[in-house]
Participant: 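Pasting a structure here, questions to come.
Ligands are counted one by one from 1 in listed order, and the atoms in each one are counted from 1 as well.
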Amino acid sequence: MVDLTTTYLTLRLRHPFMNGASPLADHLDRARRLEDAGASAIVLRSLFEEQITMARTGRIGHMDPADPEFARRLEAFPTADRYAFGPEDYLEHVRRLKTALGVPIIASLNGMTTESWLSFARQIEQAGADALELNLYQLVADPARSSLSIESGIRDVVGTLRRTLRMPLAVKLPVFLTAPAHFARELDRAGADGLILFNRVYHPVIDIETSTLQPHVELSSATELLTRLAWLPILRRLVNTSLAVSGGVDAPEDGIRAILAGADAVQMVSAIVRRGEGHFGVMRDALADWLDRKGFRSVAEARGTIGTPAVDAVELVERAGYLNTLQSGLNVKPPIQTR
Ligand SMILES: Cc1cc2nc3c(=O)[nH]c(=O)nc-3n(C[C@H](O)[C@H](O)[C@H](O)COP(=O)(O)O)c2cc1C
């Protein structure tokens, strides 16, 4: 019997495949089905800074939506009734899942500032969450703000939470960073226990009939995994945090690749939406078979074996690979199909 256990954010998991942040665990019965089908942990959908500040102060970004001065700027935000959970419901949901399920429950906060809304994390901890995931997505269009100032803001959120919380803290890294290695190390130093590669951005599409922007959610494809797999071995060498993959894991081969590249945990959403909860068991069993076939006794033994050159060499290797790839002419392969 191979040992599939893994440690993620100091939590001991039965195997690496967990349910990623999404509405999949919005209802107790579905969450129970995820656990029964083999999900090793459950990440809840995010609760947003805007929801917390609206509930506490009636404001978003210090602006009152009822004030005519700000009404137009804030009109696109969802009204309280359009969110699946208000802040109090979210806490209740954490308590309910913790009572009913045995797998770790990871809450998710989604916001931008280091302001007082962050104190809500303490309430999530008191509700019993095993860990907290932070999604600090923002689109910064202000040319006066440098990448350094934005990254310092995110690092400060992590530092602030680290000082107030006991539960482990993970950060879903933005996919667009000029220097991911530097930023990952900064977050490690600020006290993050885990990094998730990467956050996925949902841009609206342009409707060419109406010339309007329409909200758009698309399930991921296996091609997205490649960026994650490229960065995992590099970050593995640089940080002491746990590393998880989110984005593009669909078939068992994808999960195995993530382990080989150095992932402690593998989050899945699109694959579960497409294939149902039973896919967790398929992923787990296929990993066990593969480890056995390759002579590994545990996930820990296989993790990161793809390796990467030392930091000073990896840039040259990557650049050389890039040059070689673009010299291969028009003999271009179709997107990878792992199914
Ligand atoms: C319908 C839907 C809702 C999501 N909600 C959240 C969320 O609340 N918070 C978050 O951090 N990510 C959210 N995500 C992103 C997923 O957690 C995940 O990062 C993304 O789907 C890529 O992983 P996948 O390829 O396994 O789907 C959501 C994704 C989908 C499809």
Side-chain angles (χ1 to χ4, degrees), residues 8-9 16-27 30-31 34 39-52 78 82-87 89-90 93-94 97 105-112 120-121 124 129 131-139 154 157 169-176 192 194-204 215-229 231-232 243-255 257-258 263 265-277 279-280 282-283 335-336 338-339:
Y8 174 61
L9 306 178
F17 302 112
M18 62 165 68
N19 189 70
S22 65
L24 280 166
D26 276 1
H27 300 284
R30 182 106 199 244
L34 290 167
S40 63
I42 291 178
V43 187
L44 304 182
R45 68 153 72 228
S46 301
L47 186 71
F48 295 90
E49 173 177 354
E50 290 83 350
Q51 289 179 270
I52 297 170
R82 288 211 38 232
Y83 292 103
F85 298 104
D89 306 327
Y90 197 86
H93 194 51
V94 171
L97 294 191
I105 303 297
I106 301 175
S108 168
L109 279 179
N110 194 316
M112 303 182 303
F120 196 79
I124 290 179
L132 182 68
E133 198 171 286
L134 288 173
N135 184 335
L136 301 166
Y137 171 71
Q138 53 181 322
L139 189 150
I154 297 178
V157 170
L169 205 57
V171 182
K172 216 166 183 177
L173 284 181
V175 71
F176 300 117
L195 302 175
I196 301 143
L197 282 56
F198 287 105
N199 195 21
R200 204 163 172 252
V201 178
Y202 297 94
H203 292 300
H216 180 69
V217 184
E218 209 170 77
L219 296 179
S220 66
S221 73
T223 324
E224 293 173 41
L225 182 60
L226 297 179
T227 313
R228 279 94 181 145
L229 297 182
W231 277 102
L232 264 171
L243 294 174
V245 166
S246 173
V249 174
D250 187 70
E253 293 81 348
D254 302 327
R257 288 181 182 118
V266 177
Q267 300 188 347
M268 300 191 322
V269 174
S270 298
I272 305 306
V273 173
R274 271 190 216 106
R275 299 163 183 267
E277 301 91 1
H279 198 52
F280 280 115
V282 172
M283 298 291 291
I336 52 165
T338 52
R339 270 151 262 162

Participant: Is there any N or O on Arg200 that sits under 3.5 Å from an N or O of ligand 1?
Facilitator: no

Participant: How does Lys172 reach ligand 1, if at all, at less than 4.0 Å between non-hydrogen atoms: by side chain, backbone, both, or neither?
Facilitator: side chain

Participant: Tell me the contacting part of Phe48 for ligand 1: side chain, backbone, both, or neither, using a 4.0 Å heavy-atom threshold, strictly below.
Facilitator: neither

Participant: Considering non-hydrogen atoms of the protein only, which is the closest contact for atom 16 (C) of ligand 1, and what is the distance?
Facilitator: Ala21 O, 3.3 Å

Participant: Any nitrogen or oxygen of Asn110, side chain or backbone, less than 3.5 Å from one on ligand 1?
Facilitator: no

Participant: Does an N or O anywhere in Ser22 fall below 3.5 Å from an N or O of ligand 1?
Facilitator: no

Participant: Quick one: nearest non-hydrogen protein atom to atom 3 (C) of ligand 1, plus distance?
Facilitator: Pro23 CD, 3.4 Å

Participant: Considering only heavy atoms of Ser46, which atoms of ligand 1 have at least one such atom less than 4.0 Å away?
Facilitator: 7 (C), 8 (O), 9 (N), 10 (C), 11 (O)

Participant: Pairing donors with acceptors under 3.5 angstrom, does anything connect the side chains of Glu49 and Gln138?
Facilitator: no

Participant: Using distance alone, decide if ligand 1 has a nitrogen or oxygen within less than 3.5 Å of any nitrogen or oxygen in Met268.
Facilitator: no

Participant: For atom 19 (O) of ligand 1, what is the closest protein heavy atom, and at what distance to 0.1 Å?
Facilitator: Ser246 OG, 2.7 Å

Participant: Ignoring hydrogens and geometry, is there a side-chain-to-backbone donor-acceptor pair from Tyr90 to Arg45 under 3.5 Å?
Facilitator: yes

Participant: Which part of Asn135 is near ligand 1, with near meaning a heavy atom under 4.0 Å away: side chain, backbone, both or neither?
Facilitator: side chain

Participant: Do ligand 1 and Val269 have nitrogen or oxygen atoms that lie under 3.5 Å from each other?
Facilitator: yes

Participant: Can you find an N/O atom of Arg45 closer than 3.5 Å to an N/O atom of ligand 1?
Facilitator: no

Participant: Who's the nearest protein heavy-atom neighbour of atom 20 (C) of ligand 1, and how far?
Facilitator: Tyr202 OH, 3.7 Å

Participant: May I ask you to list the atoms of ligand 1 that are less than 4.0 angstrom from any heavy atom of Ser270?
Facilitator: 24 (P), 25 (O), 26 (O), 27 (O)

